[in-house]
Structure formats: structure tokens, C-alpha cells
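Just below is one structure, and these are the notes that go with it.
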Amino acid sequence: MSKFFRIGLALGGGGARGLAHIGVLKVLEEEGIPVDVMAGTSFGAIIGAMYAQTPSVRGLHERVLSFLFSPHFKRTKIFFIKKHYEEEKRVGFIWNLKTYLQRGIFFGISLQKNSFISERDFLENLSRLFDDKDIEDTVIPFMAVSADLIQGREIVLDRGPLRRAVAASCAIPGVFPPISIGDHKLIDGGWVNQVPVEPLVVWGADFIIAVDTSEDAPPVRSFGNGLDIALRAGDITRKVLSDLQLKKADVVLRPKIGNIHWADFWKMEDALKEGEAAAREKIEEIRRAMRKKRMKKLLLMNT
């Protein structure tokens, strides 16, 4: 079936919210729905690449859990970031970036270097999650989406070192450094494609399941200054772009993870359960849509 009718899975970003992808993969495995090709943005690239290299939800779950509770992860500055975010319960990375700018945290650092966490620490932590192999060698074909600072466009990475490609897809501006690959300076793919459906279309997937774990747009508070207006405009742009990109998916899953902050990695089990619930809720819709599209392809082949 995988050769005649190929199923693609697009995994979106969202930091710790992307842990819900594990729950989605768990349901797909249990229901016998194969994944023939995967594409990931940001944290979706981490989960996607890990599963693509070793297609086992149990192994994926254990490896992620082990890493999150390891001393290596606890020494990262993610905990520092979360501590400051907790001071103001506001939704959305961009809104919180404004808070950092106002307090001078990121502003002061950005005058001295290009990221809060060094490339060395960033890549060292990722190396604990991935085998030292190229993307071409994953069991399931995989693509990581990133944004190129130089050319100002989306870059789909489907060859070369797996670890570096995932790092490029996850390089949140200001937090992690841009990753150099060839002539590109790459940052988090969420700035151009929050849920990478289009790369799967181009690859030739017949049926695409998309998992959107992005945060909702922050609530309107006030437009008292130009920064408020500019940040709100950015939120609107990303929402409109994401909605357009998701139209090409056959089924879109949206786990109910509104209470999980992008740095809440200790809420892994909560995120996983919501991902599982979202997939189970739509499993019959997925099966019906698959049957319909498979039949359509078969009829077209016989005409």
C-alpha cells in the first residue's frame, strides 16, 4: 500500500507543545496507519527526525523522556527562559519576546552575540537525540523545514547531516544561533512554514495528515504604541499564512494544549495525552478520507 498510496505526516513547531506529536504517532502505530514520508518544522523536526531514524513510538518516548530528565538538559538555559516567562502568563513567543526586550535581557545579549544559547551547546544537546547519520539514511524519508536569512525564503532540507538539519529547523532567533549550511544562514522554519504540508505535496504524498501544535494568537490587550501594533501585525500574518498552508492537508489535528507553554518540557505526558486524544478523535475521519482518496487514485489510474 505504501508504494501505491503514500501517506505523509507534517509535524508543526511549538517547543514543548510539539511533544503532542508522540501521542499522534502512538495512535497511528496502534491503528496500523503507516507513515511513508515525514516533514517537520522546529520541534516537529526533532520528533519527526527521531521517529524517521527509528520508527518506534516506544523507543522515541523513552529516548525523549531520558533526555529531558538528564543532567545535560537541566543545565541548558531553557529553565532560565521559563522562569522569566512565568512572571507574566502571556501566550505566544513573540509577545514574550517583547517582554524580554522591555526588560533588557535579550537586548543586552544581542549587542554582544547572536544568540542566548551557543551553537556548541545547542548541537551538543541535539547529538544526544540523533544518530550520527545523513537524512538520506533515515528509515522513513524525512524533510526538515528552515528559513534562510540571506535569501529570505523557505529551505527544505532533505540531504546532509541529520543533526545539523534539525538544528537549523529549530534555531529560534535570539535563543539559538543561525545554522550555516552551504550558502545559507538558517533559522527556525516556523517563520515561513509552521506546519510543512507543501514539502510533502512536492515529494508526492497521496494523503497528508498535518499536526498543528502552534500557540494561539495572544489576546488583544492594547495598541498603545508602535511595538504593540507591529507585534500584533506579525501574529496576524503568521496565522493567515498557516491557515493557507494547512488547506493542502487532507486532515488537520489540533491537540488541545493551550495550557502548555513552549518551554514546559516537564509537561511531556500531558502533551502526549492530548496528542493521542486528538488523533483518536479523528481516526475514523482519517480512515474515511484515506479510503475516498485511495479509490479516487485507483479510478484515475484505470481511466
Side-chain angles (χ1 to χ4, degrees), residues 2 6-29 33-64 67 126-131 133-147 154-172 179 186 188-190 192-203 205 207-214 245-246 249 251-253 255 262 265 268 271-272 275-276 278-279:
S2 61
R6 298 172 296 185
I7 299 171
L9 183 63
L11 303 181
R17 299 159 65 86
L19 291 166
H21 296 317
I22 301 175
V24 172
L25 285 163
K26 179 175 184 287
V27 173
L28 295 179
E29 261 194 18
I33 297 175
V35 177
D36 300 298
V37 59
M38 305 179 75
T41 289
S42 197
F43 202 81
I46 291 180
I47 298 300
M50 290 183 70
Y51 189 78
Q53 70 180 2
T54 308
S56 163
V57 167
R58 182 176 180 179
L60 169 62
H61 188 183
E62 291 176 352
R63 193 165 185 174
V64 171
F67 174 69
L126 283 180
S127 71
R128 301 179 188 282
L129 296 173
F130 301 100
D131 300 332
K133 62 171 57 178
D134 289 339
I135 299 179
E136 303 96 302
D137 298 327
T138 55
V139 177
I140 297 173
F142 173 75
M143 295 168 280
V145 172
S146 191
E154 176 181 330
I155 298 294
V156 177
L157 301 165
D158 60 0
R159 61 187 67 251
L162 181 63
R163 294 171 178 172
R164 199 160 187 85
V166 173
S169 185
C170 299
I172 301 172
I179 300 297
L186 302 174
D188 192 298
V192 289
N193 197 339
Q194 292 188 47
V195 188
V197 175
E198 181 65 26
L200 297 176
V201 174
V202 173
W203 185 87
F207 187 86
I208 299 172
I209 302 169
V211 188
D212 183 6
T213 54
S214 60
Q245 292 167 336
L246 284 169
V251 177
V252 178
L253 305 181
W262 75 268
F265 289 98
M268 175 177 175
L272 192 153
E276 185 175 348

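This structure is a prediction, so every number in the text was calculated from the model and none was measured. Scope of the values below: all heavy atoms of this structure, side chains included, with no hydrogens, waters or symmetry mates.
No side-chain donor-acceptor contact under 3.5 Å links T41 to the backbone of G189. Side-chain atoms of R163 come within 3.5 Å of backbone N or O of F130 as a donor-acceptor pair. With hydrogens and angles ignored, the 3.5 Å screen pairs no side-chain donor or acceptor of Q53 with any backbone N or O of V139. In terms of modelled atom types and a separation under 3.5 Å, the side chain of Q194 and the main chain of L246 share no donor-acceptor contact. Judged by distance alone, the side chain of R17 and the main-chain N or O of T213 form a donor-acceptor pair under 3.5 Å. For the pair S214 (side chain) and G14 (backbone), a donor-acceptor distance under 3.5 Å is absent. E29 places a side-chain N or O within 3.5 Å of a backbone atom of V57 that can act as its donor or acceptor partner.
Here M143 contributes atom CE and T138 contributes atom OG1; the two are 10.0 Å apart, rounded to the nearest 0.5 Å. Here S56 contributes atom OG and E62 contributes atom CD; the two are 7.5 Å apart, rounded to the nearest 0.5 Å. Note: M268 CE to L19 CG = 6.0 Å, rounded to the nearest 0.5 Å.
The shortest side-chain heavy-atom distance between I140 and F142 does not fall under the 4.5 Å cut-off.
Within the 6.0 Å centre-distance limit, the rings of F265 and F43 are counted as a close aromatic pair.
Residue I47 forms a side chain to side chain contact (heavy atoms under 4.5 Å, CB included) with just one option from L25, V166, V24, and that option is L25.
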